[in-house]
Amino acid sequence: MLDPRTLAERRDAVAESCRRRHVRADLDGAIAAYERTARLRGLVDETNRVRNEHQKAGNRKMDAAEREAHVAEGRRLKDEVAAREAELAAAEAALRDAALGLPNFIHPEVPDGGEDDARELHRHGEPPQFAFPPLDHLALGEKHDLFDFESGTKVAGPKFYYLKNEAVLLELALVRLASDVIRSRGFTLYATPDVAKPEIVAGLGFNPRGEETQIYSIANADLCLVGTAEITLGGLFLDRVLEEAELPLRLGGISHCFRTEAGSYGRESKGLYRVHQFTKVEMFCVTRPEDSDAMHDELLAIEEQVFQALEVPYRVIDIAAGDLGAPAYRKFDIEAWMVGRGESGGWGEVTSTSNCTDYQARRLGARFRRTGGKKTETVHMLNGTAIAVSRALVALLENHQRADGSIAIPKALQPYCGFDEIRRG
RNA sequence: GGAGAGGUGCCGGAGCCUGGUUGAACGGGCCUGACUCGAAAUCAGGAGUACCCGCAAGGGUACCGGGGGUUCGAAUCCCUCCCUCUCCGCCA
């Protein structure tokens with residue numbers, strides 16, 4: 001959520017953000033709603049002041065007639081306050097709705113356009129040249145008995161799966177590798193709940209309900225399955241005031257991630273690439289406003305470090321304005337080479353890191369106080385993928401397959417999984 | 001799941017029976033000043049959060065787990081929800 005108080009003075013920037021994101025929002029309605037709430041707030045305060053004075057005056061002996069008049073006036077003031085408060089509550093609700101419709105600002109370097117207009121920042125490694133027809137991860141998985149999609153569908157439904165054999169150990173190894181990398185970078189590790197209350201989910205800018213929601217709700221409890229540990233890590237800061245000296249905070253969260261993938265049918269969705277559940281190690285950072293851009297670079301560098309350790313070729317892209325989620329000020333994705341994508345291989349998203357500036361933090365009430373200062377300021381929040389197991393697995397298997405059908409395990413991963421190749425028979 | 005006890009400011013802890021001058025005693029911690037070469041101890045002050053008005057000084061409003069009710073007036077009375085603790089049962 002943007003700061004409603006500064007909407008009017010930053011009107012142009014907000015309008016620009018809406019235009020570039022192709023978001024239709026009633027900006028002037030939001031500005032008007034803010035002015036209306038501010039006015040009504042003053043009115044309620046003033047009415048309360050009068051009422052309080054009247055109440056204080058009632059604390060003394062009075063004769064019957066005087067008491068009766070006093071009580072009558074007290075009732076009248078009470079009704080007046082109630083009426084104005086109701087008006088204020090309605091105005092505040094309208095303001096909240098209007099404000100929630102407004103997306104975050106956009107970093108000046110974010111490219112224009114939509115999904116296909118991301119700017120490629122750089123590449124690492126080259127797509128492998130196979131001297132044999134390479135298999136996609138589904139075929140490799142079948143060959144080596146690594147997945148069971150059929151049973152996943154039977155037991156839990158489509159887009160659920162079982163990992164088997166080496167794939168299970170690879171999941172554990174990937175989680176462990178990523179955990180070690182971020183721990184060495186100063187992150188505090190958390191294993192978080194896999195569920196969260198709807199208001200927390202919403203506070204992070206995810207829509208917990210409705211047709212388009214990516215979020216599963218639990219039928220007999222007021223809870224959602226988390227789509228990412230960003231939700232549970234961010235929830236840690238609900239209504240918190242941090243000290244400047246504590247910042248920046250670097251948290252790493254291991255969780256399962258659940259996504260309905262509503263509306264994604266027909267998209268590239270073979271095998272493990274787009275599934276309803278996967279395991280992820282997520283990075284989450286809280287910074288002073290002036291530090292968030294640098295932290296964003298740091299998160300990207302860590303993501304690259306992980307994929308370099310996995311010896312997977314990748315490229316880094318700067319997501320275009322029209323493809324940015326509402327909370328994101330800027331977003332970098334790493335896309336790894338995947339031979340199974342398209343006709344002859346293609347880039348597939350494996351990590352994503354966003355600088356959400358104060359957009360999530362304001363809604364959560366996450367603030368900090370400068371050393372020696374008195375006022376609180378809203379912190380900045382960022383998130384990034386240390387490892388998303390399902391997609392990393394796709395990239396890993398497809399890039400490291402060998403002519404004899406076996407799959408090599410990159411050196412950095414071997415100590416974690418305990419084998420240096422996958423080979424059957 | 002059963003029984004009981006609680007949720008008050010940075011912390012501890014009064015107040016609730018007997019509603020008003022209690023934004024909240026008292027103690028600890030914290031900050032400022034005095035004393036000191038410094039420190040400790042002592043003494044004197046000051047510190048909540050949010051929003052609104054104001055250049056500022058300052059002023060106003062709300063908040064004693066959340067929501068609702070009674071009352072001219074609620075931290076105090078009533079209802080409801082949530083949470084914590086202790087004991088019992090159950091279980092990985």
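The structure presented is a predicted model; accordingly, all values stated were derived computationally and were not measured. Chain A is the first sequence line, chain B the second, and so forth, proteins listed ahead of strands; every chain is numbered from 1.
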Between [X] and [N], is there a contact of a side-chain N or O with OP1 or OP2 at under 4.0 Å?
X        : N     : answer
A/Thr376 : B/A50 : yes
A/Arg51  : B/C72 : no
A/Tyr34  : B/C52 : yes
A/Arg367 : B/A50 : yes
A/Arg75  : B/C72 : yes
A/Asn52  : B/A62 : yes

Protein-nucleic acid N or O pairs under 3.5 Å, nucleotides 76-82 of chain B:
none

(request) Kindly indicate whether the side chain of A/Asn104, heavy atoms from C-beta on, has any atom under 4.5 Å from the side chain of A/Ser17. (result) no

(request) Flag the pair A/Glu298 / A/Arg250 as yes when at least one side-chain heavy-atom distance between them is below 4.5 Å, and no otherwise. (result) yes

Expressed as a whole number of angstroms, how long is the span from [X]:[atom1] to [N]:[atom2]?
X        : N     : atom1 : atom2 : answer
A/Glu243 : B/U49 : CD    : C1'   : 14 Å
A/Asp63  : B/C72 : CG    : C1'   : 15 Å
A/Asp45  : B/G54 : CG    : P     : 14 Å
A/Leu43  : B/G60 : CG    : C1'   : 14 Å
A/Leu242 : B/C10 : CG    : P     : 15 Å
A/Glu53  : B/U61 : CD    : C1'   : 12 Å
A/Gln55  : B/G20 : CD    : C1'   : 9 Å
A/His70  : B/C72 : NE2   : P     : 10 Å

Quiz: residues 238-249 of chain A side-chain donor-acceptor pairs under 3.5 angstrom, not counting sequence neighbours:
{"from": "A/Arg240", "atom 1": "NH1", "to": "A/Leu236", "atom 2": "O", "distance (Å)": "3.4"}
{"from": "A/Glu244", "atom 1": "OE1", "to": "A/Thr371", "atom 2": "N", "distance (Å)": "2.7"}
{"from": "A/Glu244", "atom 1": "OE1", "to": "A/Thr371", "atom 2": "OG1", "distance (Å)": "3.2"}
{"from": "A/Glu244", "atom 1": "OE2", "to": "A/Arg288", "atom 2": "NH1", "distance (Å)": "2.9"}
{"from": "A/Glu246", "atom 1": "OE2", "to": "A/Glu243", "atom 2": "N", "distance (Å)": "2.7"}

(request) State whether a side-chain donor-acceptor pair under 3.5 Å links A/Thr228 with A/Lys280. (result) yes

(request) Taking atom types as modelled, find out whether A/Gln305 and A/Arg185 have a side-chain donor-acceptor pair closer than 3.5 angstrom. (result) yes

(request) With RNA chain B as reference, determine whether A/Ala38 or A/Ala72 sits nearer its 5' end, using the nearest nucleotide of each. (result) A/Ala38

(request) Please figure out whether A/Gly42 or A/Val50 has its closest RNA chain B nucleotide nearer the 5' end. (result) A/Gly42

Under 4.0 Å, counting only non-hydrogen atoms across every strand here, what does [X] touch: a base, just sugar-phosphate, or nothing?
X        : value
A/Arg369 : sugar-phosphate
A/Arg67  : base
A/Arg76  : nothing
A/Arg5   : sugar-phosphate
A/Lys56  : nothing

Suppose you measure atom [atom1] in [N] against the same atom in [M]; what distance do you get, rounded to whole Å?
N     : M     : atom1 : value
B/C26 : B/C81 : P     : 38 Å
B/A47 : B/A25 : P     : 13 Å
B/C17 : B/U32 : C1'   : 42 Å
B/G23 : B/U49 : C1'   : 11 Å
B/G59 : B/G6  : P     : 39 Å
B/C64 : B/U8  : P     : 12 Å
B/G9  : B/G15 : C1'   : 14 Å
B/C87 : B/C79 : C1'   : 28 Å

Just name whichever nucleotide pairs with [N], Watson-Crick or G-U, keeping both distances under 3.5 Å, else none.
N     : answer
B/A5  : B/U84
B/A75 : none
B/C51 : B/G60

(message) Would A/Arg391 pass as a cation-pi partner of A/Phe278, given that its NZ or CZ must be under 6.0 Å from the six-membered ring centre and within 45 degrees of the axis?
(response) no

Less than 3.5 Å apart, which donor and acceptor atoms pair up between the side chains of residues 168-179 of chain A and the rest of the protein, not counting sequence neighbours?
{"from": "A/Glu171", "atom 1": "OE2", "to": "A/Thr279", "atom 2": "OG1", "distance (Å)": "2.7"}
{"from": "A/Arg176", "atom 1": "NE", "to": "A/Asp180", "atom 2": "OD1", "distance (Å)": "3.4"}
{"from": "A/Ser179", "atom 1": "OG", "to": "A/Val175", "atom 2": "O", "distance (Å)": "2.6"}

(request) Check each of A/Arg367, A/Arg369, A/Arg370 against A/Glu377 using the side chain to side chain donor-acceptor pair (under 3.5 Å) test, and report the only one that passes. (result) A/Arg370

(message) Centroid separation under 6.0 Å, is that true for the rings of A/His107 and A/His296?
(response) no

(message) Looking at A/Arg423 and A/Glu421, is there a salt bridge between them, counting it only when a charged N and a carboxylate O are closer than 4.0 Å?
(response) yes

